[in-house]
Amino acid sequence: MPIAVCPGSFDPITLGHLDIIERATYIYDSVVVGIAGSPSKKPLFSLKERLELTGEALKGLKTVKVEPFDRLLVEFAKKNGAGVIIKGLRAISDFEHEFQMAHLNKNLDSSLETVFMMASPEFMFLSSSAVKEIAQYGGNVSDFVPANVEARLRAKYNQR
Ligand code: ADP
C-alpha cells in the first residue's frame with residue numbers, strides 16, 4: 001500500500017501515538033506524520049520543539065517522515081501524495097469527534113479515505129494532556145512517553 005498521513009498536535013508525542021505510527025508502517029510503504037500548529041489549543045511545546053521531539057522519537061522508523069502543516073488536512077495529504085488518513089481511536093470519547101472529521105474530510109475530498117486503528121489496550125487511556133498534567137506535578141511519565149520527551153518535560157517544568 002502506498003502513502004498514509006498521520007495527523008495530530010503531538011504536544012508532546014506519547015507512546016500511544018508511537019504505537020499507531022509504528023503499526024501504520026507495517027501496512028503502508030510510507031507514513032507522513034503531520035504536526036499541526038494548533039495555536040487555538042495553546043500548545044505547551046512550540047511547533048519547532050514538537051517537530052524535534054517527534055522526529056527524534058521516530059528516528060528508528062525508516063519509512064516515516066515528519067512534516068509541519070498549517071492548511072486543510074486534505075490538502076496536506078494530497079501534497080504528500082497520500083490516499084489515506086490514519087487516526088488512532090481510543091475509548092469511546094474519540095469516536096464522535098473523529099466520526100465528524102472523517103465525514104467532513106470525505107466531503108472535501110472523496111478520493112481520500114480515513115482509516116481508524118484501535119488504540120492498544122495499554123494506551124487506551126493515554127493522552128498528551130494527561131501526560132502534561134502528570135509531569136507538571138512531578139509525576140513519573142516514563143511509561144507513557146519516549147525518553148527524549150520525558151527529559152524535555154522535566155526541563156520544561158524545571159525539575160531534576
Ligand atoms: P491528543 O488527542 O492526545 O491531544 P493528538 O491531537 O496529537 O493527540 O492526536 C493525534 C492522533 O493520535 C489522533 O488520531 C488521536 O486519536 C491519536 N491518539 C492520541 N493518543 C493516542 C493513544 N494513546 N492511542 C492511540 N491513538 C492516540
Side-chain angles (χ1 to χ4, degrees), residues 3-28 30-58 61 63-77 80 82-106 108-109 112-136 139-150 152-153 156-157:
I3 306 169
V5 291
C6 217
S9 309
F10 301 98
D11 183 42
I13 184 166
T14 68
L15 296 183
H17 292 124
L18 233 156
D19 177 59
I20 296 287
I21 296 163
E22 181 171 358
R23 284 160 57 198
T25 67
Y26 302 144
I27 305 172
Y28 298 95
S30 154
V31 176
V32 182
V33 174
I35 306 195
S38 307
S40 61
K41 287 191 179 172
K42 299 206 178 346
L44 173 68
F45 292 102
S46 69
L47 180 57
K48 185 167 169 279
E49 288 176 306
R50 285 179 278 142
L51 283 163
E52 232 171 73
L53 288 171
T54 307
E56 278 165 24
L58 297 172
L61 300 174
T63 54
V64 173
K65 70 176 181 173
V66 179
E67 299 274 349
F69 80 101
D70 60 358
R71 54 175 80 197
L72 281 176
L73 175 57
V74 293
E75 286 172 9
F76 176 74
N80 281 281
V84 168
I85 300 168
I86 299 274
K87 300 304 290 279
L89 261 196
R90 289 165 290 188
I92 316 155
S93 55
D94 273 344
F95 185 81
E96 196 172 337
H97 176 68
E98 294 296 353
F99 192 69
Q100 181 187 21
M101 292 307 297
H103 278 280
L104 292 174
N105 285 329
K106 190 84 190 165
L108 292 171
D109 183 345
L112 205 56
E113 207 56 63
T114 301
V115 171
F116 293 103
M117 289 176 92
M118 297 301 280
S120 295
E122 63 271 41
F123 304 128
M124 188 65 104
F125 297 101
L126 179 56
S127 69
S128 297
S129 34
V131 162
K132 284 180 280 190
E133 193 151 341
I134 296 168
Q136 183 181 1
N140 178 7
V141 292
S142 60
D143 284 346
F144 308 134
V145 292
N148 67 320
V149 172
E150 187 190 359
R152 197 73 77 88
L153 279 166
K156 198 66 139 182
Y157 290 121

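In each ligand, atom 1 is the first atom listed, and ligand 1 is the first ligand listed. We use all heavy atoms of the structure for the numbers below, so side chains are in, but hydrogens, waters and symmetry mates are not. Each residue takes its place number in the sequence, starting with 1.
- For ligand 1, the protein residues placed under 4.0 Å by at least one non-hydrogen atom are P7, G8, S9, F10, G16, H17, I20, K41, K87, G88, R90, D94, E98, A119, F123, L126, S127, S128.
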Kindly determine whether E52 and R50 satisfy salt bridge (Lys or Arg N to Asp or Glu O under 4.0 Å), including the steps that lead there. CA-CA 5 Å; E52 232 171 73; R50 285 179 278 142; over 6 Å; no

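- Residues L15 and L18 form a side-chain contact, since some pair of their non-hydrogen atoms from C-beta on lies under 4.5 Å apart.
- Residues V33 and V64 have side chains in contact (heavy-atom distance under 4.5 Å, counting atoms from C-beta outward).
- A salt bridge links K65 to E67: at least one charged side-chain nitrogen sits closer than 4.0 Å to a carboxylate oxygen.
- A side-chain hydrogen bond (donor to acceptor under 3.5 Å, both in side chains) with E98 holds for exactly one of K87, H103, R90; it is K87.
- Applying the ring-ring contact (aromatic ring centres under 6.0 Å, His included) rule to F76 yields the partners F69; only residues at least two apart in sequence or on another chain are considered.
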